Amino acid sequence: ANIYGEQRRNSRGVNLADHLVVEPLGDAMDTAAGQHWHAAPIIGGKSLKGEGDPILNPADRRQQVGRVTWTTPEQADEAITMASRAAAEWSATTAEERATCLDRMADLMESHMAELMALCVREAGKGVPDAVAEVREAVDFCRYYAQRARLDFGTPMPLPGPTGEKNEIALHGRGVFVCISPWNFPLAIFTGQVTAALAAGNTVVAKPAEQTSLIGTRAAELLLEAGIPPEALQLLPGGGDIGGRLVADERINGVAFTGSVATARRINQTLSQRQGPIIPLIAETGGQNAMIADSTALPEQLVRDVLISSFQSAGQRCSALRVLYLQEDVADHVLHMLNGAMQELTVGDPAWLATDVGPVIDPEARDGLMRHVEAMKRSARLVGETPLGPDTEHGTFVAPVAFEINGIDDLDDEHFGPILHVVRYKAGELDRVVDAINNTRYGLTLGVHSRIDAVAERVAQRARVGNLYVNRNQIGAVVGVQPFGGEGLSGTGPKAGGPRYLHRFATERAVTVDT
Ligand code: NAD
């Protein structure tokens, strides 16, 4: 056990290099994709399917993946009513009962791996390796939060007291938690938020991102199958209108949100204006993530880690690298190698194992990114651009591209796609570079490539970021191993997949008994 008393192994990987593994998995994914997926509100365990709207495959928008029936405002109110009524009973369950449901959910997701992967590929445009990682992360969240619930919510903590007095403190659910998740980790973040809230003893009203309603719906169905009582979990597919309605409701007791800074601000405003109790907002938001590479960095390793950090998942990770600071002595050499490597990436259908970069989520995302690319082409130096692969004309693809700019403050905002910006800096300017990165007021991930320990230590001491990675890529935080989340504009904490995450979902009660 580690110092937090945790004894647990993360989920096992899938060897995508072994055809004896890949072929049956591929067949199972194809079979799963043949079924009719339909997202719909689930209220009190009842699925309220109507005819619904089509959901299209971002890699080929001629293909319909499934349908979605959106939540009506009346249904949203009904869901909160049901969750409020069930709150007392669910919070009175033991941590062990709740943790057992989460462990069963982890097992269920593993047994539905092929279907969940097929959904991640087809609804969210995830590559196959990303889809494996997505399911594994969701499984890890379940087992990790189950274990944390057993450790922290199992028995009250005894406290000292004068003779004749017994004092103890215990964690309890707050009531109804609203969980609002983004499309870019449609299974992992959805499952992580919901299972954390449930494990801490809250009932949940969950709203997945509108773009990935099918995945959210399947995850909710599996949670109910795992034993979460139908009154304790309500699932509401919908957009910002339904999300806004949920957070404005006076009957809710907490909000867990992951998404953009703009939406987090809007939710914060709504919460501050509503009557009723003052409730916590757990917000995990965007980043303007940088990497600093000095002249001692190993160029091959650096280029590999830049490619992974910037372009894997088509750059649609909150942790993704946006601005690479290169020491000028090595910049030309590294950029030459980077351009060469970018020519070798394959952009195309994420269902193919050979694909490196799949589509971005939807036409709106593609158009916004392309506007930024066009503006950059007018004002910055093009460093490299990957050619689009064949069969990309019916999907929402954006080719990986890199531009040289003067500084991180040239960028107005987070550009959530495969676009890298490069800045040269001079030896001796390390502190100035870190300060410029801090000045964005984001603070999510930061990479350092250097063979000088003192450089990494100096950056670690000065940089205001949640997750710092030295001599490796800066994406793919592992549950319980690299607890994830930022500071400043990037979020409120606590860290997802960390030992204190569940505490923010709970309230503490002290009991004193005079004996
Ligand atoms: P988004 O803010 O547009 O949407 C996120 C969720 O909020 C969706 O479910 C959406 O329907 C809902 N929403 C929209 N308006 C709302 C409102 N007024 N009230 C309540 N809910 C509302 O973000 P997105 O485009 O889905 O996700 C991408 C963003 O998420 C990026 O900025 C990325 O950096 C961030 N992100 C952060 C983390 C992290 O852990 N820090 C992880 C993944 C993604």
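Nothing here was measured: the structure is a model prediction, and the numbers come from that model. Heavy atoms only: backbone and side chains are in, while hydrogens, waters and symmetry mates are out. For ligands, and for the atoms within them, numbers begin at 1 and follow the listed sequence.
For Arg462 and Asp435, the salt-bridge test passes: some basic side-chain N is under 4.0 Å from an acidic carboxylate O. Using a 4.0 Å cut-off between charged nitrogen and carboxylate oxygen, Arg317 and Asp130 count as a salt-bridge pair.
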Steps toward ring pair (Phe, Tyr, Trp, His ring centres under 6.0 Å) verdict (Trp90, Phe177): CA-CA 12 Å; Trp90 178 246; Phe177 240 86; over 10 Å; no
Carefully, step by step, assess Arg500 and Tyr4 under the rule side-chain hydrogen bond (donor to acceptor under 3.5 Å, both in side chains). CA-CA 10 Å; Arg500 300 180 196 91; Tyr4 296 108; 3.1 Å; yes
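The 4.0 Å heavy-atom shell around ligand 1 contains residues Ile180, Ser181, Pro182, Trp183, Asn184, Ile189, Lys207, Pro208, Ala209, Glu210, Gly239, Gly240, Gly243, Gly244, Phe257, Thr258, Gly259, Ser260, Thr263, Arg266, Ile267, Glu284, Thr285, Gly286, Cys318, Glu414, Phe416, Leu444, Phe484, ordered by chain and number.
A pairwise comparison of heavy atoms in Leu444 and Cys318 identifies CD2-O, 3.2 Å as the closest pair.
Arg8 CZ: more than 12 foreign heavy atoms inside a 6.0 Å radius.
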